[in-house]
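Before any comments, here is the structure.
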Amino acid sequence: MMLRQLRIDGVWMTHIAPWGELSWTHDDHGCKDAQWSASFPAGARHPLLAVNALVEVMYGGACVWAGALDEPNWPEGRFSATGLSIKAEKFQARDSTGWYPTSVPSTAVDQAAVRGWNVLGRSGVPTTAFVAGEAPAGTVGALLDESAHELGQRWTVRADRIVRMAADPTSYTYVIRPGVVDFGTVMTNYASTVFVTRLSSGGTPAYNAYAVDSAAAAKYGPAEVELDVTKLGSMTLARGQQFAAGRLALRKAQPGWTGTLEVGRNELLTRGGQPADLALVESLQMVRMYVGYDDVAFLDGRTYLDVVIGSTSYNDGSDTITIEPVGAIPSKAVDAIAELYGITV
Amino acid sequence: MTSLAPRWVVGAVDLTDVPYMVPFGGADYGAPENVTDVIRSMFTDGDYEVSSKAGNRTLVLPVYIEDSDLAALAEAEAALEAECRKARNEVYVDPGDGFAEPFVFDVFRGQMSFARSDDFEMSGVRAYTLTFRALPYARSTVETTTTPTGTSVGTARQHSYSFTVDGSARTEASLHVGASASLVDTLIYTRPGAQGMIPLRQYRTGGGATTADATLISGTYDQNIETAFAASAPKTVVPDGTYILFARLRAASGSGTTTITSTIGTKVSTYLTKSATSLSASSVALDSNYRICQLGEAFRLPAAVVADESNTSIAVSIQDAASGITVRLDEAWLVEIESGALTWPDTAAGIVGQPLAQHVWVDPPSVDIQTGRLLRGAASDQSDAFGADAASLGIHYLEPGTNTAFVVTSGTTTAALTVTYWPRWHTHSAA
């Protein structure tokens, strides 16, 4: 099996120094981190391996992971790179003046790119202001998190370095055979009803936006939460209901599994039954898992469960990959909300 | 019984020549260690074990030094240690019956240990043990160079090659593509086993109007791929694996950026096994010079497991979104990258004053040059060669037996491929 190559600011790592032990991870925001080791003489420093250099893991001519180089650990010869979605926390959401805060996600992305965020473009990022009126100061990452949650979507920066906002996939890319996974019910942050407290156009609190999942309530029991978005300014009923529905979509109870799952090449198959190429498996792809018959009743008569991959961890050249399901609510969003608006969820 | 006179030479020190000697029966060559992953399998009982790499081996050579006095023994020990201390070295072995081929272990810094005995000291003999960590496989003493004859596809600007490699273990290849004129766009591909780089114009099934042009790689171009270029390659020529799609494109006139969409479908008889996969649209900047573009992301072929390969075909379609520019397509290729290796050097253009490349050398990482090298130059003797950039860099490894290669050189029909490698063996060389 071929190994991947590594490129630092366009220069092949192979031409810089002997290197190896490459591994990389994805999370629900796209490329997360990559690590490798290289052999340099004691005391040597290489000018190309500078912080923030573009790092690309190349498979043939295709890039399968991209990010920015972290501070090298020269004494041990260990190097790591961080995905560009995490770098979004290091950019403030400002408009084309370069300093005035903006809550328009597309503007924040474009202007952060002008100021040095190493992304190549955007797709599906909203072009309307998230906060009516004066935008509070905050990071690009927090703004994208909040905007994505309003729509019930996720934002990612993957190997193609495009900032993408999209709903979770609805069709599966991979298949896992029965017997590999033991199921339970993931009830983290479960809610069957979300009530939204918003400011009406007149500036007074309004409570009539809410969303209910009665099927979940009947199955797992009712659980109600309140979401206070008054800090976002006046909001229409329609937008309030969109918030409620989006938050409900991310908090639904689901059968699944907790923790990590290690699958081998002959256990993770493409839809046509071919062994998957583990170097191509990323987060936010959907996996269909065929279940044992005992789980069929639990799944309302289905013999399978479709799960979206939340994170992957792969050692280059290995015949196994570790995957985790996408969580009910990404924990970073909770921090982002608290940081940005002081809203408790 | 034939008489046996084996020889071991560590660097410049012959261990079977005065004052050194190797006690009979003591040499231990170790063995390459398989690095194994154990995979839970679909078997009810038992696991599937996979090993795709071997770890280094350990050589143990006992050596006696015998001389007239202990001072001479100390000098001989110093000469031996000077060889052991080298960061890398070669242990040359001649099995010694006069028929077997000698072979070489590539070793790293050796460990010399000494066991003192009063009896030995009084006899003017000292006993040492040399322990070396070595690369897993032994190699022949002479590199093999082969210049396979290629079969051209379309025009002589692209050739498919097949050649046989000696040895009993995998080895890395140094490749040289040289011509008497500038190479311009160059793609160099190798793969153990079946050919994995498939030019698609020969399998074209549909599209718009075409024009013949012998200066192009395929000899023909599609005038406007707003009418999709469609090709259908039989599965018998498309081995299973992970693929990327390339196309050589230009703007008919002027320049601009356009979006190219591609779809890949797997067909059994005349029907699709799965809905055709649309690759991510590629935004390409084109002008009136042809250039090679990689389209979309990597994908697996075939899309579904098939029972009868002769009935199956891979359908490819490449289309330009209606844009301001008219896009011409010369050739398109499916390139298998899981087992195959692709090197795409930047030879299309030079810096002002720099000669265009007529030669490209691809050297893999080796014990001597651990970073590997990719060189381009105008002279065949490397006198003006320097490191080239590349859009894709492959480690070209060869398996014993049949290996294939594919070389594209858009600028010339005179390109030749030379493959150089060390035949590698488990322990003893058979050639």
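Throughout, a chain's letter reflects where its sequence line sits, starting with A, and its residues are numbered from 1.
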Q) Between atom CZ of R300(B) and atom OH of Y174(A), what is the distance when rounded to the nearest 0.5 Å? A) 9.0 Å
Q: Can you establish whether the number of heavy atoms outside K267(B) located under 6.0 Å from its atom NZ is more than 12?
A: no
Q) Between I244(B) and G61(A), which heavy-atom pair has the shortest distance, and what is it? A) CD1-N, 3.3 Å
Q.
To the nearest 0.5 Å, what is the distance between OG1 on T270(A) and CZ on F299(B)?
A. 13.0 Å
Q | Contact check, side chains of L374(B) and H15(A), non-hydrogen atoms, under 4.5 Å | A | yes
Q: Please report the closest heavy-atom contact between L301(B) and Q274(A), naming both atoms and the distance.
A: O-NE2, 3.3 Å
**Q.** N/O donor-acceptor pair under 3.5 Å between W12(A) side chain and L393(B) backbone
**A.** no
Q | Sub-4.5 Å side-chain heavy-atom contact between I16(A) and T371(B) | A | no
**Q.** Interatomic spacing from CD1 in I337(B) to OH in Y59(A) - rounded to 0.5 Å
**A.** 5.0 Å
Q: Check the pair I395(B) / L3(A) against side-chain contact (heavy atoms from CB on, under 4.5 Å), numbers first and verdict last.
A: CA-CA 8 Å; I395(B) 305 285; L3(A) 295 179; over 6 Å; no
Q: Output the distance between atom OG (S283(B)) and atom CG (D160(A)), rounded to the nearest 0.5 Å.
A: 12.0 Å
Q) So what's closer than 4.5 Å to chain B heavy atoms on A276(A): side chain, backbone, both or neither? A) backbone
Q. Once you round to the nearest 0.5 Å, how far does CG of L342(B) lie from CD of Q5(A)?
A. 11.0 Å
Q. Salt bridge or not for E338(B) and R4(A), using N-O below 4.0 Å?
A. no
Q) Does the R7(A) side chain pair with the main chain of S392(B), one donor and one acceptor, at a distance under 3.5 Å? A) no
Q | Engaged part of A298(B) at the chain A interface, taking heavy atoms whose separation is under 4.5 Å | A | both
